[in-house]
> 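Have a look at this one.
Residue numbers begin at 1 in each chain, while the letters A, B, ... track the order of the sequences.
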Amino acid sequence: MIKLEHVSKTYEAGVQALKDVSLHIRPGEFVFIVGDSGSGKSTLIKLLLKELSPSSGKIVVNGKDLSRISHRHVPDYRRKIGCVFQNFRLLQDRNVYENVAFAMRVIEAGKRQIKKQVPYMLSLVGLAAKYRSLPRHLSGGEQQRVAIARALVNKPKILLADEPTGNLDGHNAWEIMKLLDQINKAGTTVVVVTHNMEIVRAMNKRVITIRKGSVVDDQKGDADAI
Amino acid sequence: MIKLEHVSKTYEAGVQALKDVSLHIRPGEFVFIVGDSGSGKSTLIKLLLKELSPSSGKIVVNGKDLSRISHRHVPDYRRKIGCVFQNFRLLQDRNVYENVAFAMRVIEAGKRQIKKQVPYMLSLVGLAAKYRSLPRHLSGGEQQRVAIARALVNKPKILLADEPTGNLDGHNAWEIMKLLDQINKAGTTVVVVTHNMEIVRAMNKRVITIRKGSVVDDQKGDADAI
Amino acid sequence: MRFSSFEYNLRQGLKNIWRNKMFSIASVATMTACIFLFGLFYSISVNFSGMVKKAERGVAVTVYFDKNATQDEIDKIGTAISKRKEVARYNFVTADEAWARYQKDYFKGHTNVADSFADDNPLEDMANYEIYLKDVSRQAGLVSYLEGLAGVREVHQSASTARTLTDFNALVRYISLGIIIILIAVAAFLISNTVSVGISVRKEEIAIMKLIGARDAFVRAPFVVEGILIGLIGSIIPLVILGLVYSNIIHYVAERFDALKSMFSFVSTGDIFHVLIPVSLLLGVGIGYAGSRITLKRHLNV
Amino acid sequence: MRFSSFEYNLRQGLKNIWRNKMFSIASVATMTACIFLFGLFYSISVNFSGMVKKAERGVAVTVYFDKNATQDEIDKIGTAISKRKEVARYNFVTADEAWARYQKDYFKGHTNVADSFADDNPLEDMANYEIYLKDVSRQAGLVSYLEGLAGVREVHQSASTARTLTDFNALVRYISLGIIIILIAVAAFLISNTVSVGISVRKEEIAIMKLIGARDAFVRAPFVVEGILIGLIGSIIPLVILGLVYSNIIHYVAERFDALKSMFSFVSTGDIFHVLIPVSLLLGVGIGYAGSRITLKRHLNV
Ligand SMILES: Nc1ncnc2c1ncn2[C@@H]1O[C@H](COP(=O)(O)OP(=O)(O)OP(=O)(O)O)[C@@H](O)[C@H]1O
Ligand SMILES: Nc1ncnc2c1ncn2[C@@H]1O[C@H](COP(=O)(O)OP(=O)(O)OP(=O)(O)O)[C@@H](O)[C@H]1O
Ligand SMILES: [Mg+2]
Ligand SMILES: [Mg+2]
């Protein structure tokens with residue numbers, strides 16, 4: 001499903017964020033990516049979303065070489081992916097409801113479907129009461145949960161989540177993790193970047209460790225081993 | 001040092017973020033504030049920085065009633081406080097060095113002092129090599145560390161830190177906590193909002209728990225008990 | 001695009017204007033100011049041009065006949081004149097009329113001088129055709145044609161006046177054209193500048209939309225709606241102001257400076273706005289549309 | 001403020017311009033466009049006004065004497081005329097000169113007509129003073145004064161021409177003034193608009209500075225430096241362009257339309273820029289400064 005072959009990424013400033021990374025994530029897998037601050041985790045997520053292009057190497061997702069996707073077809077590719085960004089990236093001038101609904105409008109979902117699905121998603125992340133608030137009138141954790149709701153609302157085939165619980169309390173973090181696990185059980189491939197080792201240990205999934213741009217460890221979780 | 005008396009805060013939208021909060025933090029204390037997402041922790045920090053004014057109640061810091069400080073004297077008040085914001089709030093158009101140096105320029109520190117102190121602070125948070133990067137060219141954790149460096153560079157009397165380790169890996173988070181502890185030992189009053197219960201437990205300090213805008217628990221840590 | 005998407009984009013475009021009040025006001029204001037200036041100059045130059053045209057029409061070519069020209073020859077010359085396209089009108093002036101006019105023009109108030117001629121017409125041979133031209137610049141051609149006709153003794157032309165007027169008219173035309181072109185260019189530049197600043201500020205929003213999987217057309221639509229609406233508002237406002245100002249000013253000037261009335265009559269509000277309305281709308285809406293499309297192109301490559 | 005702070009703020013102001021290239025360019029462009037238009041109209045109206053002034057000076061009042069006026073009386077009239085302030089110049093025209101001019105003016109090309117008078121001057125009594133005025137609007141006063149003098153038979157004035165010119169001049173003056181005021185207002189509005197949009201975009205940056213403990217003056221300084229610099233650049237560019245364009249155009253027009261030369265001479269580049277430079281700089285720098293201060297005030301309450 002997701003395959004990286006000798007991928008490197010050097011930013012214009014000369015910073016080498018990823019060095020010769022090769023990875024294979026199978027369909028339906030649940031993978032944690034951990035590593036120190038600045039080790040290149042977000043860069044990896046950005047490459048998978050085709051927000052950035054690798055300096056060298058090849059990335060294949062759903063059987064498609066990302067470098068071969070034309071500008072015209074990038075939206076089609078992204079629609080199959082849900083992404084929670086590390087800094088949320090909410091539309092600042094639209095309220096919570098519109099932010100989540102936007103992801104559905106993009107795929108030209110029907111009005112009725114939007115009206116049903118968006119409130120449901122918001123209640124799942126515990127924000128049903130805040131649907132009319134603007135992002136800047138939300139707490140940090142609430143913004144993060146809007147970002148999660150938006151990533152999940154279209155039931156994507158692949159979910160990329162960059163630090164989805166960094167601003168959440170233990171209880172909320174667990175709820176979100178259970179949600180991701182459910183979605184994964186329903187068939188979605190889930191890639192989660194996190195620093196929360198407590199959760200990583202408890203979830204017992206495959207853990208890929210990155211250090212200074214290189215994969216230094218890749219451990220199958222017990223849950224997968226079964 | 002910090003005293004809240006029956007403080008409430010209701011936002012324009014009608015959201016009651018804090019309800020009748022009374023607190024007393026003594027000079028030189030190290031306090032953790034914990035609570036669920038949306039419980040009002042950031043609101044409390046914003047009130048202490050006089051970014052917001054309480055709807056009712058009285059806040060006294062360093063013997064001064066905050067509601068009595070005139071617009072002209074607000075900068076003097078803020079200069080004695082270091083603040084790490086939950087969403088970092090870095091100056092986007094200035095590089096790492098300038099962001100940290102800015103806090104020193106504000107208090108009209110000498111050129112030489114700035115040239116000495118800023119690189120020292122950056123090395124303490126592990127960002128000496130990135131001093132010329134713009135915030136948008138940093139990883140989430142790196143931005144957070146710049147925010148921490150900026151809050152500490154003037155050796156403030158009070159340090160308010162809103163979720164300072166949310167984007168940091170375990171190792172970096174510990175380093176930052178040790179730094180805050182050092183600063184506290186040197187006399188600074190430290191207030192840290194965090195979701196990281198592992199750290200809270202390990203640090204063994206006073207912990208104030210907020211739930212839905214009210215203080216529901218206030219436990220002295222063993223370290224203080226001694 | 002599905003209809004619900006279309007409707008959504010239309011609504012978003014309207015909301016964008018409201019959400020970005022600051023920029024919307026700035027854009028509308030810029031557009032209003034530019035189109036107002038453009039309209040102002042268009043009106044002034046059209047009127048000025050009309051004034052010069054009217055002055056031109058007062059310039060005449062005078063044809064004198066051979067001493068022994070027969071009435072038949074004179075009539076033939078008249079027919080020849082009537083066939084020329086550049087002639088606005090012409091009329092025959094008898095020797096007596098010529099002398100009477102002379103006296104009126106030059107001895108006005110000095111009846112004693114005129115009296116000294118008694119009934120003796122010193123301008124006996126000065127019967128002539130007075131020809132008024134449509135376009136002074138074609139005077140030279142007419143003169144040389146007339147000089148070739150049988151029975152014509154001499155063709156008198158007010159050469160210096162004609163040249164001056166032609167030159168003056170050309171100068172006014174060049175200046176007006178120059179100013180109007182400069183104004184249109186400045187307007188286009190400022191308006192597209194404002195639009196593109198407004199869009200640049202929202203480049204993060206555009207990037208987010210693209211990252212979520214929105215197609216270019218979907219991201220673009222509300223902006224284009226916004227651009228067109230701003231263009232529309234920003235050209236209707238100055239048109240309304242100009243309409244009011246213009247009809248009031250021509251009224252006021254006509255009253256206050258009645259001596260000028262003889263020199264020129266104002267171009268009617270209708271005639272001015274016949275041109276001004278389509279040009280302004282095209283300018284406003286066109287630049288609003290084009291400006292937003294061009295600027296967006298730069299930001300859609302995410 | 002310490003010197004190092006001052007220096008820092010100056011440097012930050014310069015850097016701001018570079019960091020916010022988009023806005024800086026937009027601001028400078030808006031300012032350039034507005035001041036260019038203002039300069040353009042100022043030049044045109046000053047020249048036009050000069051032209052009308054010159055035409056005015058060509059209008060004369062003619063004083064004819066009593067048939068039996070002595071040379072002494074005539075001289076006295078001359079002295080009286082010379083003492084009037086509104087008189088630009090005057091000269092004595094003898095009867096012979098008057099007749100010669102008459103012939104030249106009206107019988108030009110028709111020597112046979114003039115010949116018919118032989119040596120008999122029909123304008124024997126038409127010796128006169130020809131008086132040219134500085135200001136046509138004061139013609140009526142002069143005429144009634146002259147009519148009261150001994151030995152004056154009649155004062156001839158070109159009443160309609162004078163009134164027309166006075167009216168025309170007033171009209172041109174009003175229109176120019178109106179346009180220039182409109183242009184300055186539009187310029188001020190657009191420029192302050194651009195400046196305030198530029199600052200609004202950075203309101204988060206301003207809020208951050210304030211939260212860190214920066215005083216209003218410290219936050220403001222770089223923005224004000226930026227505003228002044230943008231004002232300076234935005235007024236120097238149009239002044240340079242206008243300088244080049246103006247001297248070239250007056251050169252070109254003078255060559256191309258030499259018939260117009262007699263009508264008016266151009267106001268020199270120096271004279272125009274004597275006024276234009278200080279006004280433009282004041283406009284640019286003043287609005288840049290005031291605009292940034294006023295807009296900042298709104299955002300500093302954090
Ligand atoms: N746009 C950019 N330009 C230049 N350097 C960049 C850019 N973005 C990231 N970097 C650098 O690349 C490195 C990896 O960044 P990345 O964001 O992938 O880290 P990360 O693993 O997500 O860290 P964190 O856990 O702190 O978010 C960092 O050193 C960072 O400074
Ligand atoms: N500007 C605002 N306008 C309206 N409501 C607001 C505003 N800021 C915060 N709120 C609301 O006030 C409540 C408390 O917010 P606050 O940011 O203090 O929470 P928090 O404890 O910091 O949460 P988190 O851990 O998620 O950051 C939330 O319900 C939030 O939605
Ligand atoms: Mg990251
Ligand atoms: Mg918070």
> Select all residues of residues 163-172 of chain A having any heavy atom within less than 4.5 Å of some heavy atom of chain B, and report them by number, or 'none'.
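From residues 163-172 of chain A, the residues near chain B are A:Glu163, A:Gly166, A:Asn167, A:Leu168, A:Asp169, A:Asn172.
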> Take atom OH of A:Tyr131 as the centre, draw a 6.0 Å sphere, and report whether it contains more than 12 heavy atoms from other residues, nucleotides or ligands.
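Open: at most 12 neighbouring heavy atoms sit under 6.0 Å from OH of A:Tyr131.
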> Based on non-hydrogen pairs under 4.5 Å, which of B:Met197, B:Arg145, B:Lys130 is most in contact with chain A?
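Greatest number of close heavy-atom pairs with chain A: B:Arg145.
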> Is it true that atom OH of B:Tyr11 has more than 12 heavy atoms of other residues, nucleotides or ligands lying nearer than 6.0 Å?
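More than 12 within 6.0 Å, yes.
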> Between B:Asp36, B:Thr194, B:Val34, which has the largest tally of heavy atom pairs under 4.5 Å with chain A?
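Looking at each option in turn, the highest pair count goes to B:Asp36.
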> Using non-hydrogen atoms only, which part of B:Lys41 is less than 4.5 Å away from chain A: side chain, backbone, both, or neither?
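Neither part.
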> Kindly check if the number of other-residue, nucleotide or ligand heavy atoms within 6.0 Å of NZ (A:Lys58) is above 12?
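Result for NZ/A:Lys58: open.
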> How far apart are the closest heavy atoms of B:Ser139 and A:Ser37, and which atoms are they?
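Nearest heavy atoms, B:Ser139 then A:Ser37: OG-OG, 3.7 Å.
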> Counting only heavy atoms not in A:Lys3, do more than 12 fall under 6.0 Å of its NZ?
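Check fails, neighbour count at 12 or below.
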> Sort B:Arg132 into side chain, backbone, both or neither according to what part of it lies under 4.5 angstrom from a heavy atom of chain A.
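Interface part for B:Arg132: neither.
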